Amino acid sequence: VFALWESMTGVCMTVGLIAVCRQTWNRQGRLAAAMSDGAFAVYVFHPPLMVALARGLAPFQMSDLVKCLILFLVSVPVCFGAARIIRRMPIVGGLVRQ
């Protein structure tokens, strides 16, 4: 009975949070709109970019956590910038426009 109650509570809380968030945070700013436009390109092209950036950080002597934070702070703008450049290419731009 407890397992059933726990599962039902989890599902109901999830559905309730989705409904509340849909009503209160149903807006998108310019930055979020630009990022969502390039999200698929970032998904496709981020692995080689992140590996290259991580390899660039390899020679530096610092903790792994600091390297991870630096990689995150550098790779997010680099990946979304690369996605913006890729989307502006004529061969890709024709496929993306609707």
Side-chain angles (χ1 to χ4, degrees):
V1 173
F2 181 73
L4 178 64
W5 174 81
E6 186 177 23
S7 299
M8 292 298 293
T9 302
V11 169
C12 292
M13 286 176 65
T14 303
V15 171
L17 281 173
I18 290 172
V20 168
C21 291
R22 183 184 57 204
Q23 295 300 321
T24 46
W25 293 306
N26 196 16
R27 291 179 280 295
Q28 188 177 49
R30 287 190 319 171
L31 178 63
M35 289 177 78
S36 69
D37 285 344
F40 185 73
V42 170
Y43 170 72
V44 171
F45 294 110
H46 83 275
L49 293 172
M50 297 227 13
V51 168
L53 291 169
R55 297 282 301 196
L57 284 174
F60 296 104
Q61 297 296 322
M62 58 184 86
S63 73
D64 290 338
L65 180 61
V66 173
K67 283 185 183 181
C68 184
L69 289 172
I70 291 172
L71 181 64
F72 170 74
L73 292 173
V74 171
S75 67
V76 169
V78 167
C79 288
F80 278 99
R84 187 173 181 143
I85 292 169
I86 290 167
R87 288 177 50 91
R88 288 185 177 189
M89 294 173 132
I91 194 166
V92 177
L95 297 172
V96 174
R97 292 189 184 94
Q98 298 169 346

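Note that this is a predicted model, so its numbers are computed, not measured.
The shortest heavy-atom contact between Gln28 and Ser36 is NE2-OG, 3.5 Å. Residues Ala83 and Gly38 approach most closely at CB-O, 3.7 Å, considering heavy atoms. In plain terms, the two heavy atoms of Lys67 and Ala58 that are nearest each other are NZ-O, 3.3 Å. Heavy atoms only, all atoms of each residue included: Pro48 and Phe45 are closest at CD-O, 3.3 Å. Here the closest non-hydrogen pair linking Leu71 and Ala54 is CD1-N, 3.7 Å.
Annotation: the span from Arg87 atom CZ to Ile85 atom CD1 amounts to 13.0 Å, rounded to 0.5 Å. Atoms CG and SG, on Leu73 and Cys68 in that order, are 9.5 Å from each other to the nearest 0.5 Å.
Val78 and Val42 are members of different hydrophobic clusters when ILVMFWY side chains are connected at heavy-atom separations under 4.5 Å. A continuous path of Ile, Leu, Val, Met, Phe, Trp and Tyr side chains, each step under 4.5 Å between heavy atoms, connects Phe72 with Met35, placing both in one hydrophobic cluster. Leu65 and Leu57 fall into different hydrophobic clusters, where Ile, Leu, Val, Met, Phe, Trp and Tyr residues are linked whenever their side-chain heavy atoms come under 4.5 Å apart, directly or through other members. Residues Met50 and Tyr43 are members of separate hydrophobic clusters, defined by side-chain heavy-atom contacts under 4.5 angstrom among Ile, Leu, Val, Met, Phe, Trp and Tyr. The cluster map of Ile, Leu, Val, Met, Phe, Trp and Tyr, joined by side-chain heavy atoms under 4.5 Å apart, puts Val20 and Val15 in different clusters.
Thr9 has its side chain within reach of Met13: a pair of non-hydrogen atoms, C-beta onward, lies under 4.5 Å apart. Counting only heavy atoms from C-beta outward, the side chains of Val66 and Ile70 approach each other to under 4.5 Å.
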